[in-house]
Novice: 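Attaching a single structure in structure tokens format; questions to follow.
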Amino acid sequence: MKINSTKNIGGAILGLLLFLGITVMSGTTAQAQYQDPYWRQREIQRQREIQRQQEILRQRQAQQQGGWYDQYGNYHPNSSNNGYYNQGQYNQGRRGRNWDGYGNQGGSYELRQTALNAGYNEGMKDGRSDRRSGRFDPTRHGAYQSATKDYNSRYGDRYTYQQYFRQAYQNGYSDGYRYGN
């Protein structure tokens, strides 16, 4: 008889513990299932607001200090004399769709970049060469006159390519003549 009562008490305790365990775990599961469905949207909005505030702060600092930011977000004070990215040179006619200093004649991105890279590199090479000889004349070189180095008809219009090439060539030539070794 004692064994049956011990079994009954043990079973009752075990049943009570099982009931309490299920009750506690079901409450935790219900909490885990409920999450705010808009938390990600609020997080994105919060990040955008932080970026906007940082941009406003940068603009205020630039106005107070007289500096400026290039297209990569790097700050340049007006007092620095660093050639191409100097604010005076940068704002005088050097404009374009990418704020890289070249106008927008149209054409594809690939045409534009290929022409700018090829033109600048050729101009730099010829400018260095002319610096050694002491003769400044960017238009006398064949690369400037033909302006078709690295051109491919799949890029698009040849005339547009030549316009970009010649702009970059003149900048490269000036830099090569001025800074070339």
Side-chain angles (χ1 to χ4, degrees), residues 40 43-181:
R40 182 168 285 151
E43 183 65 22
I44 291 170
Q45 287 174 345
R46 190 176 70 80
Q47 291 296 327
R48 287 181 182 159
E49 181 63 23
I50 289 171
Q51 289 174 347
R52 191 178 72 79
Q53 292 295 331
Q54 288 174 342
E55 181 62 29
I56 291 170
L57 180 63
R58 277 199 277 164
Q59 289 174 356
R60 284 185 186 151
Q61 288 174 346
Q63 289 173 350
Q64 291 171 353
Q65 298 172 357
W68 59 282
Y69 288 91
D70 62 14
Q71 72 260 27
Y72 304 108
N74 300 321
Y75 178 75
H76 300 276
N78 279 344
S79 61
S80 71
N81 186 11
N82 56 356
Y84 178 79
Y85 281 110
N86 190 346
Q87 184 181 9
Q89 287 179 347
Y90 190 75
N91 285 337
Q92 292 177 0
R94 292 203 175 194
R95 64 201 181 287
R97 61 182 172 200
N98 296 327
W99 287 91
D100 58 2
Y102 300 101
N104 183 11
Q105 279 85 34
S108 69
Y109 177 81
E110 190 174 13
L111 175 137
R112 186 174 192 274
Q113 288 305 116
T114 304
L116 293 177
N117 290 337
Y120 187 87
N121 291 335
E122 285 297 305
M124 179 71 86
K125 183 178 75 174
D126 291 342
R128 286 180 181 155
S129 171
D130 284 359
R131 178 187 172 124
R132 287 186 217 108
S133 66
R135 180 177 182 183
F136 185 89
D137 185 10
T139 59
R140 74 180 178 89
H141 293 280
Y144 179 84
Q145 292 170 0
S146 69
T148 55
K149 179 162 177 52
D150 293 343
Y151 174 73
N152 190 325
S153 60
R154 68 184 168 94
Y155 295 150
D157 184 40
R158 178 181 288 202
Y159 178 77
T160 305
Y161 184 91
Q162 289 172 327
Q163 296 301 310
Y164 282 127
F165 184 96
R166 287 185 177 123
Q167 285 180 1
Y169 182 92
Q170 289 176 345
N171 286 334
Y173 185 91
S174 296
D175 289 349
Y177 192 86
R178 198 176 309 137
Y179 307 116
N181 294 330

Novice: Could you pull out all residues at least two apart from Q47 that satisfy side chain to side chain contact (heavy atoms under 4.5 Å, CB included)?
Specialist: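 If we apply the side chain to side chain contact (heavy atoms under 4.5 Å, CB included) test to Q47, skipping adjacent residues, the hits are E43.
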Novice: If every non-hydrogen atom of A168 is compared with every non-hydrogen atom of A115, which pair is closest and at what distance?
Specialist: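 Shortest heavy-atom separation between A168 and A115 comes out as CB-O, 4.4 Å.
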Novice: Taking all atoms of both residues into account, what is the closest heavy-atom pair of Y164 and L111, and its distance?
Specialist: CD1-CD2, 3.8 Å
Novice: Applying side-chain hydrogen bond (donor to acceptor under 3.5 Å, both in side chains), can you list everything that pairs with Q163, at least two apart in sequence or on another chain?
Specialist: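 Only Y159 meet the side-chain hydrogen bond (donor to acceptor under 3.5 Å, both in side chains) criterion with Q163.
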Novice: Restricting to ring pair (Phe, Tyr, Trp, His ring centres under 6.0 Å), what partner residues turn up for Y151, sequence neighbours left out?
Specialist: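 Partners of Y151 by the ring pair (Phe, Tyr, Trp, His ring centres under 6.0 Å) criterion, ordered by chain and then number, come out as Y161.
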Novice: Suppose we screen for side-chain hydrogen bond (donor to acceptor under 3.5 Å, both in side chains). Which residues come up paired with T139, at least two apart in sequence or across chains?
Specialist: D137
Novice: For D130, what residues pass the side chain to side chain contact (heavy atoms under 4.5 Å, CB included) criterion, not counting sequence neighbours?
Specialist: S133, R140, H141, Y173, Y177
Novice: Mind checking side-chain hydrogen bond (donor to acceptor under 3.5 Å, both in side chains) for Q162 and listing every partner two or more places apart, or none if nothing turns up?
Specialist: none
Novice: Does E55 come within less than 4.0 Å of R52, counting only side-chain N to carboxylate O?
Specialist: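 Salt bridge: no.
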Novice: Between atom CD1 of I50 and atom CD of Q45, what is the distance when rounded to the nearest 0.5 Å?
Specialist: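 Going from the CD1 atom of I50 to the CD atom of Q45 covers 12.0 Å.
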Novice: For the residue pair Y144 and Q170, confirm or rule out a side-chain donor-acceptor distance under 3.5 Å.
Specialist: yes
Novice: Check A143 against D126 and note the closest heavy-atom contact, atom names and distance.
Specialist: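 Heavy atoms only, the tightest pair is CB-OD2, 4.1 Å.
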Novice: Got a sec, which residues hit side-chain hydrogen bond (donor to acceptor under 3.5 Å, both in side chains) with Y155, two or more places apart in sequence or on another chain?
Specialist: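 Applying side-chain hydrogen bond (donor to acceptor under 3.5 Å, both in side chains) to Y155 gives none.
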Novice: Quick test of your reading: applying salt bridge (Lys or Arg N to Asp or Glu O under 4.0 Å), list the pairs with at least one residue in residues 145-171, sequence neighbours left out, ordered by first then second residue.
Specialist: E110-R154
Novice: Which pair of non-hydrogen atoms, one from G176 and one from M124, has the smallest distance, and what is that distance?
Specialist: CA-SD, 3.2 Å
Novice: List for me each residue that meets ring pair (Phe, Tyr, Trp, His ring centres under 6.0 Å) alongside F165, sequence neighbours excluded, and say none if there are none.
Specialist: none
